[in-house]
Protein chains: 2
Amino acid sequence: MQTKVIKSVSEKKRVILPRAVRRQQLILATMRCISRVGLSSVTMAQVTKDAGLSRGIANLHFERKENLLIETLRFVTDEYNRGQAEILDATTFSSAAEKLAALVQFQFSRSVTEATKMAVWFAFYGEATSRPTYQKICADSDARAARSVRALFTQLGAAQEVLVDVGAVTDGYIALIDGLWLNILLAPQKMTRAKAKRVARTFLEGVFPSIKV
Amino acid sequence: MQTKVIKSVSEKKRVILPRAVRRQQLILATMRCISRVGLSSVTMAQVTKDAGLSRGIANLHFERKENLLIETLRFVTDEYNRGQAEILDATTFSSAAEKLAALVQFQFSRSVTEATKMAVWFAFYGEATSRPTYQKICADSDARAARSVRALFTQLGAAQEVLVDVGAVTDGYIALIDGLWLNILLAPQKMTRAKAKRVARTFLEGVFPSIKV
DNA sequence: GCTGCGAATGAACGCGGGTTCATTCTTTTC
DNA sequence: GAAAAGAATGAACCCGCGTTCATTCGCAGC
C-alpha cells in the first residue's frame with residue numbers, strides 16, 4: 001500500500017525540543033481549540049492532537065489542564081499589554097495626539113482583533129466570575145492597561161481649554177473598546193474593524209475636540 | 001433526636017406543580033449555579049440540588065442539559081429585551097430626553113446588573129463563538145436592542161443643531177454599555193453602578209449637548 | 001374509595017475525559 | 001562507546017457526569 005510506504009517514511013521520528021517551545025506550541029493549540037469548540041468543551045486530547053503531539057505531553061509540561069488554561073490566558077493578556085505599552089511608553093511620537101492615533105490603530109489591528117484571540121479573551125472573561133485566578137489575571141491586565149491610557153488622557157486633557165473629567169473619560173474609553181471588541185466577536189459582519197475604529201475616533205474627537213485622531 | 005423528628009415530618013412530601021413552574025425553578029437554579037461555578041463546570045446534579053428537586057427532573061422537563069442552558073440564555077435575554085422595550089416603546093414620556101434618562105436608569109438598575117445575571121450573560125457570550133445557537137440568540141437580542149436605541153437616537157439627533165452620525169453614535173453607545181457591564185462584572189468594587197451611570201451620561205451629553213440626562 | 005394517568009424520584013449505567021506511568025527513544029557526559 | 005538523564009509516548013485507569021428507567025406517589029374522574 002502506498003499509504004503504508006509514506007507512513008513508514010514520515011512515521012514516528014521523535015523530536016526533542018526545549019521546554020519553552022513545547023509550552024508555546026501547546027498554548028497556541030489551546031487557543032485554536034478554544035475558539036473552535038469553546039472553553040467549556042476543550043479536551044486535552046483535542047489540544048495535543050491539534051499541536052501534533054502525544055497525549056501525555058501536556059501533563060509533562062503543565063502538570064494539570066488548569067495550568068495550561070491559566071498560562072494560555074496569561075499569554076494573551078501579556079501579549080496585549082506588551083503591545084500597548086510599546087506604544088504608550090514610547091518617546092518617539094511627536095505629539096500626544098499622534099500617540100493616541102497609534103493606540104486606536106493598534107487596538108483594532110488585525111493581530112489584536114483576530115477571531116481566535118477575541119474568542120479566548122471572552123471565553124475567560126465569561127468564566128472569571130467563578131475562578132479567582134482568571135479574575136485576578138483579567139483585573140490586573142485591565143488595571144495596567146487603564147493606568148497608561150489614563151496617563152495619556154491626562155496629558156491630552158491638560159491641552160484642552162474645556163475641563164474634562166479624565167477619570168470618567170478613561171473609564172468610558174476602556175469600556176467602549178471592550179464593547180467594540182465584543183461586537184466584533186459576536187457579529188463580525190456587522191461590526192468591522194474599520195467601523196469600530198471610526199466609532200472609537202468619534203468618541204475621542206467628542207471629548208478632545210481640539211485634536212483630529 | 002429532634003433532628004430525626006423534624007426530618008421525618010418535613011421529609012419527602014412529594015409536590016406536583018405545573019410544567020411552567022418547574023421549568024422556571026430549574027432555569028433560576030441554573031443561573032445561580034453558573035454564577036457560582038461557571039458555565040463550563042455546571043453539572044445537572046448541582047442544578048437540581050440547588051433547585052431542591054430530584055436528579056431526573058431536568059431531563060423530564062428539558063430532555064437534555066443543552067436545552068436547559070439554551071432556555072436559560074433565552075430567559076435572560078428576553079427579560080432584558082422586555083424591560084428595555086417597555087421603556088423605549090412607551091408613549092408616556094414627555095420628551096425623548098426623559099426617555100433616554102429612563103433607559104440609562106434601567107440599564108444600570110440593580111435588577112439588570114445583579115452579579116448572577118451579568119455572570120450568565122458573559123458566560124454565554126464567551127461560548128457564543130463556538131455554539132451557533134448561543135450566537136444566534138445573542139445576536140438577535142443585540143440587534144433588537146440596537147434597533148430601538150437607534151430609533152430614539154435618531155429622534156434626539158434631529159433635535160440637534162449639529163449633525164450627528166446616528167449610526168456611529170448608536171454603535172458607540174451600545175458598545176459603551178456592554179463594556180461598562182463587563183467592568184461591573186470583573187471589578188465591581190472599582191466600577192459601581194453609580195459610576196457607570198455617570199460615565200454613560202457623560203457620553204450622552206457629549207453627543208447630544210442640548211440635553212441634560 | 002378506587003383506579004389510571006402522569007409527575008417525580010433516584011439508583012444504576014456507560015462513556016468520555018483527565019491523569020498516571022511503564023516504556024521507548026534522543027541527547028549529553030565521561 | 002557506554003551509560004545516565006530526561007523528553008516523549010500512548011495504553012490503561014478511574015472518576016464524574018449526563019442520561020435512562022423502573023418504581024413511587026399525588027390527584028382527577030368516576
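Throughout, protein chains are lettered first and strands after them, A, B, ... in sequence-line order, and every chain is numbered starting at 1.
Between B:D140 and B:R144 there is no salt bridge, since no side-chain nitrogen of the basic residue lies less than 4.0 Å from a carboxylate oxygen of the acidic one.
Within the 3.5 Å criterion, the main-chain N or O of B:L103 finds no donor-acceptor partner in the side chain of B:Q84. Side chain of A:S141 to backbone of A:I137: no donor-acceptor contact under 3.5 angstrom is found. A side-chain donor-acceptor contact under 3.5 Å links B:S130 to the backbone of A:G38. Here the side chain of A:K197 pairs no donor or acceptor atom with the backbone of A:Q105 at under 3.5 angstrom.
Atom-to-atom, NZ of A:K65 to P of C:dG17 comes out at 9 Å; the value is rounded to the nearest Å. Distance B:N59 CG to C:dT9 P: 13 Å, rounded to the nearest Å. For the pair A:N67 CG and C:dT19 P, the interatomic distance rounds to 9 Å; values are reported in whole Å. Atom pair A:R55:CZ and C:dT19:P shows a separation of 10 Å (rounding to whole Å applied). Taking atom NZ of residue A:K49 and atom P of nucleotide D:dA8, one finds them 21 Å apart after rounding to whole Å. The distance between atom CZ of A:F62 and atom P of C:dT19, rounded to the nearest whole Å, is 13 Å.
Among residues at least two apart or in separate chains, side chain to side chain donor-acceptor pair (under 3.5 Å) pairs with a member in residues 166-184 of chain B are B:Q107-B:Y173. For residues 50-66 of chain A, the pairs satisfying side chain to side chain donor-acceptor pair (under 3.5 Å) are A:R32-A:D50, A:R36-A:D50, A:E66-A:R131, A:E66-A:Y134, with sequence neighbours left out. The stretch residues 101-117 of chain A participates, sequence neighbours left out, in these salt bridge (charged side-chain N to carboxylate O under 4.0 Å, His left out) pairs: A:E79-A:K117, A:E114-A:K117.
Applying a 4.0 Å cut-off to non-hydrogen atoms, the residues of residues 35-47 of chain A that approach DNA chain C are A:V42, A:T43, A:M44, listed by residue number. Using a 4.0 Å cutoff on non-hydrogen atoms, no part of residues 122-134 of chain B comes near DNA chain D.
Ring orientation note: the planes of A:Y125 and A:F122 are nearly perpendicular, at an angle over 60° on the 30°/60° scale.
Heavy atoms of other residues, nucleotides or ligands lying less than 6.0 angstrom from CD of B:E205 number more than 12.
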Below 3.5 Å is the cut-off: list the nitrogen or oxygen pairs between protein and nucleotides 4-8 of chain C, distance only.
residue : atom : partner : partner atom : Å
C:dA8   : OP1  : B:L17   : N            : 2.9
C:dA8   : OP1  : B:L17   : O            : 3.3
C:dA8   : OP1  : B:R22   : NE           : 2.9
C:dA8   : OP1  : B:R22   : NH2          : 3.4
C:dA8   : OP2  : B:H61   : NE2          : 2.9
C:dA8   : N3   : B:R14   : NH1          : 3.2

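Residues A:A123 and A:L39 share a closest heavy-atom pair of O-CD2, 3.6 Å.
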